[in-house]
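Please read the structure below before turning to the comments.
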Number of protein chains: 6
Amino acid sequence: MARPVTLFTGQWADLPVEELAAKAGTWGFDGLELACWGDHFEVDKALADSGYVDSRRDILERNGLQVHAIGAHLVGQCVCDPIDERHRAILPPEVWGNGEPEGVLQRAAERLKDTARAATLLGVDQVNGFTGSSVWHLLYSFPPNDFDEVERGYQDFADRRPEFGLNFDPSHFAHQFLDSAAFVEAFADRIYHVHVKDSRKTLDGRKSILASHLDFGEAARGWDFVSPGHGDVDFESLFRALNRIGYTGPLSIEWEDSGMDRDWGAPDALAFVRRTDFAPSAIAFDAAMQRSGR
Amino acid sequence: MARPVTLFTGQWADLPVEELAAKAGTWGFDGLELACWGDHFEVDKALADSGYVDSRRDILERNGLQVHAIGAHLVGQCVCDPIDERHRAILPPEVWGNGEPEGVLQRAAERLKDTARAATLLGVDQVNGFTGSSVWHLLYSFPPNDFDEVERGYQDFADRRPEFGLNFDPSHFAHQFLDSAAFVEAFADRIYHVHVKDSRKTLDGRKSILASHLDFGEAARGWDFVSPGHGDVDFESLFRALNRIGYTGPLSIEWEDSGMDRDWGAPDALAFVRRTDFAPSAIAFDAAMQRSGR
Amino acid sequence: MARPVTLFTGQWADLPVEELAAKAGTWGFDGLELACWGDHFEVDKALADSGYVDSRRDILERNGLQVHAIGAHLVGQCVCDPIDERHRAILPPEVWGNGEPEGVLQRAAERLKDTARAATLLGVDQVNGFTGSSVWHLLYSFPPNDFDEVERGYQDFADRRPEFGLNFDPSHFAHQFLDSAAFVEAFADRIYHVHVKDSRKTLDGRKSILASHLDFGEAARGWDFVSPGHGDVDFESLFRALNRIGYTGPLSIEWEDSGMDRDWGAPDALAFVRRTDFAPSAIAFDAAMQRSGR
Amino acid sequence: MARPVTLFTGQWADLPVEELAAKAGTWGFDGLELACWGDHFEVDKALADSGYVDSRRDILERNGLQVHAIGAHLVGQCVCDPIDERHRAILPPEVWGNGEPEGVLQRAAERLKDTARAATLLGVDQVNGFTGSSVWHLLYSFPPNDFDEVERGYQDFADRRPEFGLNFDPSHFAHQFLDSAAFVEAFADRIYHVHVKDSRKTLDGRKSILASHLDFGEAARGWDFVSPGHGDVDFESLFRALNRIGYTGPLSIEWEDSGMDRDWGAPDALAFVRRTDFAPSAIAFDAAMQRSGR
Amino acid sequence: MARPVTLFTGQWADLPVEELAAKAGTWGFDGLELACWGDHFEVDKALADSGYVDSRRDILERNGLQVHAIGAHLVGQCVCDPIDERHRAILPPEVWGNGEPEGVLQRAAERLKDTARAATLLGVDQVNGFTGSSVWHLLYSFPPNDFDEVERGYQDFADRRPEFGLNFDPSHFAHQFLDSAAFVEAFADRIYHVHVKDSRKTLDGRKSILASHLDFGEAARGWDFVSPGHGDVDFESLFRALNRIGYTGPLSIEWEDSGMDRDWGAPDALAFVRRTDFAPSAIAFDAAMQRSGR
Amino acid sequence: MARPVTLFTGQWADLPVEELAAKAGTWGFDGLELACWGDHFEVDKALADSGYVDSRRDILERNGLQVHAIGAHLVGQCVCDPIDERHRAILPPEVWGNGEPEGVLQRAAERLKDTARAATLLGVDQVNGFTGSSVWHLLYSFPPNDFDEVERGYQDFADRRPEFGLNFDPSHFAHQFLDSAAFVEAFADRIYHVHVKDSRKTLDGRKSILASHLDFGEAARGWDFVSPGHGDVDFESLFRALNRIGYTGPLSIEWEDSGMDRDWGAPDALAFVRRTDFAPSAIAFDAAMQRSGR
């Protein structure tokens with residue numbers, strides 16, 4: 001059997017989870033990956049109120065939906081980022097507080113630990129998210145970077161966080177010209193979860209692969225996120241690689257396409273995954289010929 | 001909601017419009033773009049007989065079909081072309097007359113004006129067609145062209161015909177290596193109607209992009225028209241561009257494929273457009289994340 | 001009408017033909033191409049027992065299936081190959097005998113003649129297969145080949161076997177960078193049967209197009225067979241070429257994909273062929289415009 | 001030894017042949033292909049004045065230059081073209097006369113015959129040129145062409161002009177996506193002379209391969225002629241093909257590049273040909289190994 | 001005549017300018033673009049000591065070298081950048097001071113004004129450099145950027161700095177998939193100076209176009225700077241575009257290739273530019289044919 | 001300094017080594033890689049006659065040539081190959097003997113050991129060659145191979161022959177779509193010698209990448225060996241990789257091009273290597289900027 005297909009709710013947080021679950025159930029999804037914002041999965045309530053987690057489970061069950069993971073991208077982003085004014089918009093007020101960077105980092109870290117606790121109450125052992133990054137702004141080395149420091153940072157992270165794995169998302173690989181299938185095979189034991197998201201290059205010599213300080217959805221960008229199957233991601237190769245490494249977890253559609261109506265797009269994406277994902281073979285065909293020959 | 005999908009009837013004029021409307025309705029089209037030849041939409045009858053236009057409307061309604069535009073390609077072609085023997089085959093006898101070029105041009109122009117009048121009677125404000133061209137044969141500049149004269153011709157046309165817009169057809173762009181989406185965005189205010197038609201390059205070093213004086217359908221040509229979705233047109237980009245410019249008019253399938261049974265192809269083309277065309281988004285996704293975070 | 005779609009049973013010979021026929025009928029195939037191994041079509045029984053052929057026909061009919069051809073690839077391979085230990089695995093014991101090469105070749109040739117006789121009893125005039133090859137190992141000319149001898153071999157084959165035609169299989173062309181459509185048009189009068197099979201290149205500079213002595217299904221190969229529609233074969237062009245040469249025989253899916261569950265793959269392949277194969281046109285479209293203009 | 005490299009003088013006809021011959025000799029050319037316009041090779045004088053041909057030969061010899069062919073492109077173009085106002089600019093006044101088309105065609109044909117006679121006096125048996133074309137304007141078949149008539153025209157030409165061969169010029173093939181080497185091998189016995197000229201595609205989605213009624217040298221064109229070695233022509237393959245068919249005639253540089261100073265370009269082109277053209281091998285290398293092994 | 005070719009001295013600042021000028025003169029350069037670091041062009045000395053500028057001019061003249069521009073990249077970078085520890089390494093101690101950001105910015109701005117004054121004393125009206133950027137770190141919009149603020153910043157710069165032009169360097173365009181020639185034509189009136197530098201993509205699915213926080217010269221990067229002519233920059237198109245816009249200033253080689261010996265590379269780069277850059281044509285070739293025809 | 005460039009003499013064995021050495025010295029080669037056939041380096045004489053080795057050395061010295069390696073490709077090929085009639089042509093009569101395979105293998109192995117002894121006498125510690133292969137004919141696994149046996153063979157070779165290294169030749173990689181630079185970096189410690197040879201794909205849909213049992217030099221092949229610089233090998237990347245791994249040995253041109261006169265080709269190849277190979281840098285450029293800034 002092919003893998004379960006879930007919908008990540010982060011881009012639908014303007015809708016009550018009740019309404020979204022009804023849609024997703026009707027469209028035929030197998031489950032939801034609940035975002036920790038909007039009313040989808042509220043960490044503070046989950047820890048404070050023993051009935052809250054049951055209420056979420058109930059909504060899912062009524063719509064025939066499973067839950068394999070929750071998404072804590074917004075708070076997570078603020079754990080390692082250099083904090084600036086932009087972070088205020090993605091944080092709950094109590095985590096932002098007075099916005100003083102060191103305090104924000106600490107409160108975000110605490111909230112993330114709480115998120116893991118709340119996930120456990122929901123019976124889920126996977127929390128997805130970003131970590132933010134203290135070296136992202138060093139992307140281009142001028143003035144020249146101290147690369148030893150960058151390397152020490154990587155090593156420090158690897159040493160202190162052995163429990164971290166990857167929520168693999170091929171949309172970020174496609175516009176970097178990276179081979180998702182090769183990556184998945186190289187880091188097989190660290191693929192903990194998979195996001196199905198796509199991106200599309202529209203390079204014509206006038207649009208930069210770096211996207212030129214233009215917002216998502218602007219026609220002048222050189223790449224953008226699009227509904228799965230409408231972009232450059234080679235899902236055929238990716239799903240074959242996931243089969244080879246034995247990944248049986250969910251394919252969670254993180255639906256994001258600035259040019260498409262999402263109620264048209266989500267079921268289109270689901271249909272795409274259903275017809276593109278397949279279970280691996282248990283048979284070597286020439287061997288079959290061989291046996292039958294006898 | 002996505003755009004209405006219509007079928008241009010020009011390539012089916014050997015069938016009575018009654019028969020074609022029944023097929024199109026069954027296949028699920030939203031409407032027809034009636035050709036002004038065969039019995040589909042006869043300009044002279046429409047102007048002469050007050051019941052004629054009602055009879056066309058009635059046929060459409062019985063089959064659940066709308067009409068957004070009519071097609072006057074054949075007579076239109078004879079308004080600016082240098083007239084030669086080939087034009088006899090595409091003109092009604094009374095427009096061809098004795099075939100003397102100047103007279104043909106004038107009668108064709110009159111008939112085109114009548115077509116606009118007849119369209120108005122049908123409640124349609126869009127007449128599609130070609131204009132012919134007095135400079136097409138100057139395509140390759142040898143003996144050297146007088147390019148100032150060509151430019152003056154373009155300017156004269158622009159000055160005298162401000163009401164002209166474009167019936168955009170991407171099939172003519174694909175084999176010229178032109179970017180349909182970029183064109184549509186550049187000439188956004190002139191996109192009055194859209195034909196969905198496809199073309200396909202089969203270049204292998206032995207077939208020329210110029211098609212070598214070979215008829216449509218010949219295997220030795222370097223490109224040919226094909227059923228939508230079977231060729232090189234990037235409809236994903238085109239439809240996104242039409243969304244960006246706010247085009248909400250019909251996508252009219254001009255079905256033409258010398259290698260395919262048209263009764264197989266027309267519903268295949270309709271299904272292709274239905275699964276490829278989509279309505280634009282009203283939401284910016286990161287903004288959504290932003291709002292929900294608060 | 002489009003061509004009948006059959007399933008070649010060779011890669012399913014571990015299943016009884018009864019069970020496979022039931023599956024194929026349910027999936028919607030038009031017929032089976034029976035392999036001469038497993039219990040699918042046993043040449044010796046067909047010749048020995050007058051009821052055997054009826055029993056096969058009966059199984060097919062009960063499942064709404066036709067038969068246009070049978071497949072004798074395994075025994076056929078041993079008619080011209082230099083015999084080595086590997087051939088034991090693909091031959092019935094009585095043909096392998098003591099494995100002495102000259103005897104194997106003769107017994108395989110006799111069995112192939114019997115296969116033709118058995119096919120006739122089944123009402124089928126097409127036997128598919130390989131012939132093996134006595135020059136395959138000369139693929140790379142070092143030490144330098146005697147190319148005149150190779151050429152004489154080809155000529156000898158052409159002289160002695162005028163009745164041979166091609167069971168055209170595009171999967172072997174794709175990874176050789178050969179143009180299936182061009183081949184089909186060049187050898188139009190020798191296309192006797194068509195296998196629908198696909199192959200896919202995964203070249204990344206570390207995987208060789210020669211596949212490096214790696215088994216089918218290994219990720220490190222540079223190409224592999226895949227389910228039709230999942231690879232590099234240009235079926236659009238191939239089916240158009242088959243239309244042009246007037247081929248009306250079966251499209252027989254030889255399903256082989258080491259990375260896909262075959263019960264998922266076979267109906268996926270059938271659906272692919274149904275939506276990709278189409279009947280040719282009887283109309284020249286501009287001519288239609290021409291006639292209608294009058 | 002590699003082939004002689006000559007310079008076609010047609011694009012330098014604003015210079016007296018004396019001046020041009022001095023330049024070409026200095027640059028190191030092996031010869032000139034004299035154009036029949038300017039003062040380079042005047043057909044009427046050659047026939048009228050017995051000293052004229054000697055004077056041309058003398059100029060060449062003084063500069064160490066050979067002559068293998070003459071070029072009659074301008075008058076030749078007017079032999080089959082539909083004559084219009086543009087032809088006046090490329091014809092001598094006595095051939096244009098009153099410009100009445102039928103008379104122009106006849107006078108151009110007579111002049112071309114004279115050109116052959118004059119060439120013979122110069123000791124040259126090759127006259128290059130265009131023929132013009134009565135079907136060029138039928139390039140796009142709408143209104144639909146009578147293709148039988150086109151075909152009859154080709155046949156008529158083939159029947160009446162068995163002595164015609166090709167002055168092969170790859171620059172016209174490159175932007176048509178045609179394979180010059182394949183053509184040369186297919187029409188080996190008709191390659192009478194070779195022009196070395198290059199063209200370059202600058203397609204970016206906004207520039208058409210048809211060049212859009214824009215003059216040579218305009219940046220907005222999708223292709224243009226460029227100095228040899230600066231464009232898309234695969235001269236490596238072409239020269240190898242010329243070696244295979246045994247062509248030993250001149251490689252005549254027809255230098256034309258609207259963006260380059262011609263006095264910089266002509267010696268650059270000569271250097272390009274000298275380092276790219278090479279003589280064929282008389283040895284099969286593995287055979288060499290074979291023989292030496294003994 | 002083609003454009004003068006100069007060598008930017010910034011990457012050679014470990015050598016005394018005397019030694020470098022001797023090398024550059026020997027290699028055949030037309031001039032130097034002096035860097036304002038090392039002892040090449042010291043702004044403070046130029047302003048303080050009236051003999052200093054003469055001493056630089058003298059060194060150049062003795063080696064047959066011109067000077068068209070000076071380079072102030074290091075101090076310039078610190079005018080708009082958010083200052084961090086990395087800037088200490090590229091600044092003179094007196095500009096860095098105590099490293100307090102606001103003070104650094106002001107001292108850098110003052111030093112840049114002095115640089116313009118010193119350039120004037122040298123008789124040069126072009127100062128090249130970077131400006132640094134206060135928005136570079138907003139390259140990826142997450143947390144979501146305030147794009148209006150970015151836009152206001154661009155507008156503010158445009159309003160306040162009308163005298164700024166571009167020192168066009170195609171090496172930064174190539175790995176962004178941008179078309180240098182198209183840019184140069186679009187911003188023709190702002191191309192004040194040109195750097196000849198190249199970059200090379202080595203994408204293989206395992207190397208990112210973003211270069212992955214790896215230092216220049218690391219084999220694992222997806223792109224890197226290379227000696228001119230060894231990379232992806234289309235200099236043919238760029239130089240043609242510079243011809244079209246009438247740029248007659250220097251082509252200044254900014255030589256940087258982590259994998260090549262610079263004493264091998266600099267003359268190789270010079271030779272590359274000499275054989276690739278050419279003067280434009282003053283003649284339209286078909287027009288030439290036209291005129292000569294008369 | 002760049003690497004020494006030598007000429008492998010195997011393809012010139014029809015010439016006496018005296019004559020070849022004179023040519024190579026004149027062309028400017030740094031040395032010869034002597035083949036063990038023809039009279040170039042005769043193993044039996046070298047071992048039997050103490051003056052023979054001196055005579056070879058003398059010929060080299062008189063022409064200013066070094067020797068870094070000798071080539072034993074022909075005898076070497078017969079050490080592991082399944083011997084057939086073709087091997088007779090590449091072996092000396094005394095090694096071929098009566099052609100009985102087992103005896104041939106043993107005598108070839110003995111001769112190869114003698115070759116190593118003779119090389120030592122010449123002061124050379126590198127013997128290049130092929131080994132032949134007992135699994136090459138298993139290239140395509142049908143009948144299905146026993147891949148465990150293939151693997152055991154590789155392991156056995158690895159265990160028994162730790163002293164073997166690679167004479168890296170990129171021409172065999174190019175038509176297999178393999179990345180020479182990536183290979184060289186992966187097997188850095190096994191690159192003992194480098195052959196400079198090129199190959200060229202001429203795939204057009206009618207020519208197979210497998211070359212179709214056609215002799216080298218046939219136009220219908222899909223790839224062929226060509227003179228260095230005339231093919232698909234990315235020497236820029238290869239030489240950069242050799243720089244990175246610190247390879248300082250010879251670049252030995254194995255010149256083989258069935259379509260080119262070898263006396264034209266060899267110096268052309270030498271010039272190509274001289275202008276393409278370069279020494280690595282000892283400087284990191286931004287670091288240079290950094291230091292100079294202080």
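These values consider heavy atoms only, across backbone and side chains, with no hydrogens, waters or symmetry-generated copies. Given the structure is predicted, the values throughout are model-derived calculations rather than measurements. To find a chain, count down the sequence lines: A is the first, B the second, and so on, and within it residues start at 1.
Closest non-hydrogen pair, E:Ala241 versus E:Val184, comes out as CB-CG1, 4.0 Å. Counting all heavy atoms, side chain and backbone alike, A:Leu238 lies closest to A:Pro170 at CD2-CG, 3.7 Å. Annotation for A:Pro143 and E:Ile90: closest pair CG-CD1, 3.8 Å, computed over non-hydrogen atoms. Of all heavy-atom pairs between A:Val233 and A:Ala174, the closest is CG2-CB, 3.9 Å. Considering every non-hydrogen atom in both E:Leu91 and E:Leu74, the closest pair reads CD2-O, 4.2 Å.
Heavy-atom pairs under 4.5 Å with chain E peak, among A:Ala186, A:Gly132, A:Pro82, A:Gly205, at A:Gly205.
Using a 4.5 Å cut-off between heavy atoms, A:Phe147 contacts chain E through its side chain alone, with no backbone atom that close. With a threshold of 4.5 angstrom between heavy atoms, A:Leu203 approaches chain E through side-chain atoms but not through N, CA, C or O. For chain A, the nearby parts of E:Leu139 are the backbone and the side chain; heavy atoms of each come within less than 4.5 Å.
The distance between the ring centers of A:Phe164 and A:Phe157 falls below 6.0 angstrom. Close placement of the A:Phe130 and E:Phe142 rings is indicated, their centers lying within 6.0 Å of each other.
A heavy-atom distance below 4.5 Å is found between the side chains of E:Leu166 and E:Phe187.
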Dump the table of donor-acceptor contacts under 3.5 Å between chain E and chain A, or return none if there are none.
unit_1	atom_1	unit_2	atom_2	d
E:Arg86	NH1	A:Pro143	O	3.0
E:Arg86	NH1	A:Asn145	OD1	2.5
E:Val135	O	A:His213	NE2	2.7
E:Pro143	O	A:Arg86	NH1	3.0
E:Asn145	OD1	A:Arg86	NH1	2.5
E:Gln176	O	A:Ile209	N	3.3
E:Gln176	OE1	A:Ser208	OG	2.5
E:Asp179	N	A:Gly205	O	2.8
E:Gly205	O	A:Asp179	N	2.7
E:Ser208	OG	A:Gln176	OE1	2.5
E:Ile209	N	A:Gln176	O	3.3
E:His213	NE2	A:Val135	O	2.7

